[in-house]
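Here is the structure we will look at, set down as structure tokens.
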Amino acid sequence: MSRTVYVNGAYVPEEEAKVSVFDRGFLFADGIYEVTAVLDGKICEWEGHVARLERSLGEIGMKMPMSVSGLLEVHREMVKRNNLEEGAIYLQVTRGATDRDFLMPEGLEQTVILFTQAKKLTGEKTGLRVVSVPDIRWGRRDIKTVQLLAASLMKTEAKKQGKDDCWMVEEGFVTEGSSNNTYIITKEGKIITRNLTNSILPGITRKSVLRLVKELDMEIEERPFTIEEAQNAAEAFMTAATSFVTPVIEVDGVGLGGGTPGPVTKRLIEVYIEESRKASC
Ligand code: PDD
């Protein structure tokens, strides 16, 4: 069945949705995106996603394409028109279309598109096997730009090796997964995840998970960790809007916790889903 997508103010069947070949998103990856989860037909983590969108746009000299309430309305309309119960909404805002020039033009009409992807987010999770790869991305990973070639190449490399995802490594320390934040749980029960700098994306799921972890009185250390530390950890997991909390059960061929999701990760999966349902809008 054809989806309804949003393109510059219009809701159209996906086959009819078009943007210009001169769009700077297409030619220069000059655009920002957000991916927001949908549970029970409701939007999850709205405030976090919209705040990060505004920040990312500002970092590359762009403005919000419409008011926050207008944007929420479009998200809700997309859920309704696509009968989306569970899955994600993708939003992309680019600087717009003009003749190709490295100099960024001012005053262009932005291109705004949204589409939905149905996906089961709450099912049973067996855990992911990851491989380390060098992080070859640019230096401003805190901005959610549509420049995703490096991450896409690295994920494809992991799949070629028969694994599920990559953990990117820079100067000896794990930065992120291809499209997720990464965590290890030490044998003493401490959760370690990389601190926020320009090296990683400030995940919206990460923020909520760390809040929940604190509420559960678990210890957190925000600092970089190595692949070796991960291989010696009791458990590991990753977070993203499209997969919530997901166990990682193998790192570079070394199984963690007997190769099955551990108890702390399982608890966090449950708690996060419960909280997301409550806070969705
Ligand atoms: N990616 N790090 C990177 C590099 C990401 O691309 C993502 C999300 C995250 C997790 O952020 P959040 O919890 O806000 O989803 C971390 C989305 C899901 C994507 O590109 O599809």
Side-chain angles (χ1 to χ4, degrees), residues 25 29 31-39 43-57 59 75 86-94 113-121 128 130 132-158 164-170 173-184 191 193-213 222 224-225 236-246 248 268-269 271-273 275-276 279-280:
I32 299 297
Y33 78 109
E34 276 298 329
V35 182
T36 307
V38 172
L39 271 185
I43 317 284
C44 299
E45 304 265 21
W46 172 249
E47 279 165 25
H49 286 288
V50 83
R52 186 174 61 188
L53 173 71
E54 189 161 13
R55 182 199 177 254
S56 292
L57 286 167
E59 290 298 301
H75 277 69
E86 197 162 317
I89 304 183
Y90 178 94
L91 159 74
Q92 178 166 327
V93 184
T94 77
I113 63 112
L114 284 90
F115 59 81
T116 55
Q117 288 183 308
K119 185 185 174 194
K120 188 86 188 134
L121 302 174
L128 306 179
V130 301
S132 60
V133 295
D135 194 338
I136 57 167
R137 299 174 300 162
W138 76 327
R140 289 301 307 276
R141 303 164 196 150
D142 56 310
I143 310 173
K144 200 161 171 66
T145 74
V146 296
Q147 190 192 318
L148 298 173
L149 181 60
S152 183
L153 277 169
M154 289 185 276
K155 170 132 190 184
T156 306
E157 176 56 32
D164 303 299
D165 199 8
C166 55
W167 273 14
M168 302 186 262
V169 175
E170 186 173 62
F173 294 97
V174 176
T175 52
E176 300 175 274
S178 63
S179 57
N180 49 73
N181 292 116
T182 55
Y183 311 73
I184 57 174
I191 297 189
T193 192
R194 193 168 176 124
N195 50 311
L196 296 182
T197 61
N198 292 354
S199 301
I200 64 168
L201 186 79
I204 304 306
T205 322
R206 176 189 184 280
K207 190 174 175 190
S208 292
V209 165
L210 291 191
R211 181 177 44 79
L212 294 172
V213 161
E222 290 184 64
F225 59 84
F237 64 94
M238 57 88 142
T239 62
T242 45
S243 44
F244 294 169
V245 175
T246 300
V248 169
L268 290 176
I269 292 172
V271 176
Y272 182 77
I273 292 173
E275 288 298 312
S276 282
S280 59

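The first residue of the sequence shown is numbered 1, and numbering continues consecutively from there. Numbering of ligands and ligand atoms starts at 1, following listing order.
- At the shortest separation from atom 11 (O) of ligand 1 among protein heavy atoms lies Gly203 CA, 3.5 Å.
- Taking the six-membered ring where tryptophan is involved, the planes of Trp46 and His75 are perpendicular, since the angle between them exceeds 60° and thus also 30°.
- When heavy-atom distances to ligand 1 are checked against a 4.0 Å cut-off, Asn180 comes that close only through its backbone atoms N, CA, C and O.
- Counting non-hydrogen atoms of neighbouring residues, nucleotides and ligands closer than 6.0 angstrom, the CD atom of Glu86 exceeds 12 such neighbours.
- The shortest contact between atom 15 (O) of ligand 1 and any protein heavy atom is with Ala241 N, 2.8 Å.
- Qualifying ring-ring contact (aromatic ring centres under 6.0 Å, His included) partners for Phe225, counting only residues two or more places apart in sequence or in other chains: Trp167.
- For atom 7 (C) of ligand 1, the nearest non-hydrogen atom from the set Ser179, Ser178, Ser243 belongs to Ser179.
- Each of the following atoms of ligand 1 lies closer than 4.0 Å to a heavy atom of Thr239: 10 (C).
- Nearest protein heavy-atom neighbour of atom 3 (C) of ligand 1: Glu176 OE2, 3.3 Å.
- Atoms of ligand 1 lying under 4.0 Å from any heavy atom of Ala240, numbered from 1 in the order shown and given with element: 10 (C), 13 (O), 15 (O).
- Nearest protein neighbour of atom 18 (C) of ligand 1, counting heavy atoms only, is Thr242 OG1, 3.5 Å.
- Residue-level proximity to ligand 1 for Ile200 is absent, since no heavy atom of it falls below 4.0 angstrom.
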### Leu210 vs Tyr183, side-chain contact (heavy atoms from CB on, under 4.5 Å): CA-CA, chis, key distance, verdict
CA-CA 11 Å; Leu210 291 191; Tyr183 311 73; 4.2 Å; yes
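- In this structure the side chain of Arg211 reaches within 4.5 angstrom of the side chain of Ser208, judged on heavy atoms.
- For the ligand labelled ligand 1, residue Tyr90 lies outside the 4.0 Å heavy-atom shell.
- Shown in contact with Asn181 at under 4.0 Å from a heavy atom are these atoms of ligand 1, numbered in order with element: 10 (C), 16 (C).
- The salt bridge (Lys or Arg N to Asp or Glu O under 4.0 Å) check on Glu222 picks up Arg206, with sequence neighbours excluded.
- Of the inter-residue distances, the one linking Thr145 atom OG1 with Leu201 atom CG reads 9.5 Å to the nearest 0.5 angstrom.
- Here's the thing with Ile204: one of its N/O atoms is less than 3.5 angstrom from an N/O atom of ligand 1.
- Nearest protein heavy-atom neighbour of atom 1 (N) of ligand 1: Lys144 NZ, 3.2 Å.
- A donor-acceptor pair under 3.5 Å is absent between the side-chain atoms of Arg194 and the main chain of Glu176, judged by distance alone.
- Distance from atom 19 (C) of ligand 1 to its nearest protein heavy atom, with residue and atom name: Tyr33 OH, 3.7 Å.
- Residue contacts with ligand 1 leave out Lys207, since none of its heavy atoms falls under 4.0 Å from the ligand.
- Taking a 4.0 Å cut-off on heavy atoms, Arg52 registers as neighbouring ligand 1.
- Under the 4.0 Å criterion applied to side-chain N and carboxylate O atoms, Glu34 and Lys144 are not assigned as salt-bridge partners.
- The closest approach between Arg137 and ligand 1 falls below 4.0 Å for a heavy atom of the residue.
- Salt bridge status for Glu59 with Arg140: present, with a side-chain N to carboxylate O gap under 4.0 Å.
- Closest protein heavy atom to atom 21 (O) of ligand 1: Val35 CG2, 3.7 Å.
- Here the straight-line distance linking atom CG of Asn181 with atom OG1 of Thr239 works out to 4.5 Å at 0.5 Å rounding.
- When the shell of 6.0 Å around CD of Glu47 is examined, it contains 12 or fewer heavy atoms from other residues, nucleotides or ligands.
- Considering only non-hydrogen protein atoms, atom 13 (O) of ligand 1 sits nearest to Thr205 OG1, 2.6 Å.
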